[in-house]
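The block underneath contains the structure these notes are about, expressed in structure tokens.
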Amino acid sequence: MAKIQSIRGMPDVLPDASAMRLWVEDRLKAVLARYGYAHVRMPLVEATALFARGVGDGTDIVEKEMYTFEDRSGESLTLRPEGTAGCVRLCEEHGLLYNQTQRLWYQGPMFRYERPQKGRYRQFEQLGVECFGFPGPAIDAELLGLCADFWRELGVQEALTLELNTLGSPESRAAYRDALLAYLRPLADQLDEDSQRRLERNPLRILDSKVPETQALLADAPDLAACLDEASRAHFDALRRYLDALAIPYVVNPRIVRGLDYYTHTVFEWTTTALGAQGTVCGGGRYDGLVERLGGRPTPGIGFAMGLERLTLLVEAHGAAPAEAAPLDVYVLALDETHSAEALALGQRLRQALPALTVQVHCSGGKAKARFKKADASGARYALILGETEVAEGTVAVKPLREGDAAQTTWTLPALIDHWREGLPSPSGTDVATRR
RNA sequence: GUGGGCGUAGCUCAGCUGGUAGAGCUCCGGAUUGUGAUUCCGGCGGUCGUGGGUUCGAGCCCCAUCGUCCACCCCA
């Protein structure tokens, strides 16, 4: 019978890698807490129409990357390919946007049917941040400052570049679209195949094309900046001043247009050259029209999402290494099976009395020699030993495993707990450093 | 969807021009009846990704297929 294995592009995360991810996530959460952002959770599955309308049905994501299926009642459902649409739906459905502002974040898996490669998976995890009800550019700057604090916290600030652009108001964007179309239509037969397909559906995306011939044609294309109305220009100019005030360096890249239809005004990507082809670690922007488009009252919104797999790869390559995974403090073993009950109980009492202590109890059977081998392999600093004698006299033997030939000592449990109450003695010397 | 590299033990990998499947690590046992990490000895572990073909004979050559990695594309 064929072996069952994980679905293509949906990799398992093994203990070492997961420890790294948990560390990264903890650091990110610490920053979010400092900013006072509130956490929400959306379902992984939404009505297909939410993404068709929210993300835009001319986008690559909706056109060819969604996991869409019918449930047993025949309703069309989709595994979320991104978080913003669902977050807006959540806010609308529960009245979170009525006469109030929101600063929210969420984290979880997203699903896109693409060919897997480095930093790109079919199930991948994003941490997303969305703010609602803030029309002015201050929140744009706050979010970019939040990102910058993330990078500093993880030690990857040198590896990331902020690329910034503005699409202007929906009116500006529409005006530019018309201007671009007027310029490109006569040149249509010189465009590459993808760009021709995009010409009517999503012409701004052509700016993003990496085909050299197409880029050459674009050299004389109308300038988006020239189509910006006064208010759009003021918004962008103010944002740039705020970024200067926050000492956040950036480059304006007019080619950043983003692949999701809902963006207006500010759009940005944090990119790196350290991860191969998938260089965007974090991307986002303002989407002032989205809430209305999904049936709500006009509400300004702005947000970003970052790919935790990519970010973790970057931290591994360039960032602050997490402290070595804390090894066990104590490994409890009975010398044979007859005292397993006492060993289990000892472990439990230690954990209750000293919650900071990490305690593992031997559960694998075997002879004394095998038990000590396990104790050693566990990385624990001390083995707590229960044999015939100890159980008889109500004591426990404490054997240091990482201090050369330090002597084994015998304690009553209350005395040992008292002895360790202020923490274990600091490890002696670096030569005994042990992983895991 | 397109292109290229790679699939041999749990892991990392060798395997000559086609001629009886190997090493290191890990794990288990013994040397040592209640004491680990060193050392020595022994052991477990494989439909060589899968299916077909060529051949007296295939891990090796051919075809197909699946997986994986990288790139295009796209994005997180």
Side-chain angles (χ1 to χ4, degrees), chain A residues 1-3 5-9 11 14 16 55 59-65 80-84 107-129 192-195 197-198 202 205 208-211 256-260 269-272 275-284 303-314 331 333-336 338-339 362 364-391 397-405 407-408 431-432 434:
Chain A
M1 198 190 295
K3 247 191 248 175
Q5 48 189 22
S6 71
I7 302 302
R8 170 166 226 207
L14 272 32
D16 283 350
V55 176
T59 60
D60 283 2
I61 290 176
V62 173
E63 252 178 10
K64 53 189 187 190
E65 295 176 4
R80 61 183 187 190
E82 57 101 50
T84 301
Q107 184 200 326
M110 307 293 164
F111 302 85
R112 292 182 199 173
Y113 189 89
E114 300 179 87
R115 260 310 253 282
Q117 68 184 76
K118 181 172 184 166
R120 189 171 80 181
Y121 311 98
R122 291 181 174 184
Q123 173 175 331
F124 60 101
E125 200 142 338
Q126 284 189 340
L127 190 152
V129 174
D192 62 275
E193 201 179 319
D194 280 338
S195 294
R197 192 167 46 78
R198 285 177 190 140
N202 205 346
R205 293 292 313 290
D208 222 8
S209 170
K210 300 197 174 66
V211 179
I256 302 257
V257 296
R258 311 286 303 152
L260 291 70
E269 294 184 4
W270 292 88
T271 60
T272 178
L275 298 183
Q278 306 303 319
T280 303
V281 169
C282 173
F304 63 84
M306 49 198 185
L308 296 180
E309 291 85 357
R310 287 182 191 177
L311 183 56
T312 304
L313 284 172
L314 187 62
Y331 191 90
L333 64 100
L335 286 170
D336 59 62
T338 58
H339 295 119
H362 182 84
S364 330
K367 298 180 182 176
K369 180 191 176 90
R371 291 164 185 255
F372 278 94
K373 278 187 130 170
K374 278 275 196 299
D376 181 59
S378 79
R381 287 180 56 197
Y382 296 99
L384 262 55
I385 306 154
L386 289 173
E388 211 53 51
T389 333
E390 289 79 9
V391 171
V398 177
K399 179 186 172 86
L401 296 172
R402 316 286 151 200
E403 292 165 33
D405 46 8
Q408 179 170 320
D431 55 322
V432 294
T434 311

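Lettering follows sequence order; numbering is per chain, from 1. When reading the values below, keep in mind they use all heavy atoms of this one structure, side chains included, and skip hydrogens, waters and symmetry mates.
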Mind checking Gln408(A) for me? I need base, sugar-phosphate or nothing, with any heavy atom below 4.0 Å counting as a touch.
base
Between C73(B) and Arg120(A), counting only base atoms on the nucleotide and side-chain atoms on the residue, is there a donor-acceptor pair under 3.5 Å?
yes
Nearest to the Arg112(A) side chain among C75(B), G29(B), G36(B), which nucleotide is it?
C75(B)
So what does Glu390(A) touch, heavy atoms closer than 4.0 Å: a base, only the sugar-phosphate, or nothing?
base
Can you tell me if Arg402(A) touches the phosphate of A37(B), counting only side-chain N or O atoms and a distance under 4.0 Å to OP1 or OP2?
no
For Lys399(A), which contact category applies under a 4.0 Å heavy-atom criterion: base, sugar-phosphate, or nothing?
base
With a non-hydrogen cut-off below 4.0 angstrom, is Ala305(A) in contact with a base, only sugar-phosphate, or nothing?
sugar-phosphate
With heavy atoms under 4.0 Å as the rule, sort Arg115(A) into base, sugar-phosphate or nothing.
base
Base, sugar-phosphate, or nothing: which does Glu388(A) touch, judged by heavy atoms less than 4.0 Å apart?
base
When you match Arg8(A) and Glu125(A) each to their closest nucleotide on RNA chain B, which lands nearer the 5' end?
Arg8(A)
Of all the nucleotides listed (A76(B), G36(B), A71(B)), which has the minimum atom distance to the side chain of Tyr121(A)?
A76(B)
Checking all strands, does Ile385(A) fall into the base, sugar-phosphate, or nothing category for heavy-atom contacts under 4.0 angstrom?
base
Distance-only donor-acceptor test, Gln278(A) side-chain atoms vs C70(B) base atoms, 3.5 Å:
no
Is the shortest side-chain N/O distance from Lys367(A) to OP1 or OP2 of G30(B) below 4.0 Å?
yes
Would you say the side chain of Lys369(A) and the base of U35(B) hold a donor-acceptor pair, judged only by whether the two atoms sit under 3.5 Å apart?
no
Quick check: any donor-acceptor pair below 3.5 Å linking the side-chain of Arg310(A) to the base of C75(B)?
yes
Between C70(B), U68(B), A76(B), which nucleotide gets closest to the side-chain atoms of Phe124(A)?
A76(B)
Need to verify one output field. Residue with the more 5' nearest nucleotide on RNA chain B, Gly284(A) or Gly276(A)?
Gly276(A)
With a 4.0 Å cutoff (strictly under), does any side-chain N or O of Lys374(A) reach OP1 or OP2 of C28(B)?
yes
Wobble G-U and Watson-Crick pairs count when both distances are under 3.5 Å; given that, what is the 5' to 3' dot-bracket string of RNA chain B, with | for pairing to other strands?
(((((((..((((.....[..)))).(((((.......))))).....(((((..]....))))))))))))....
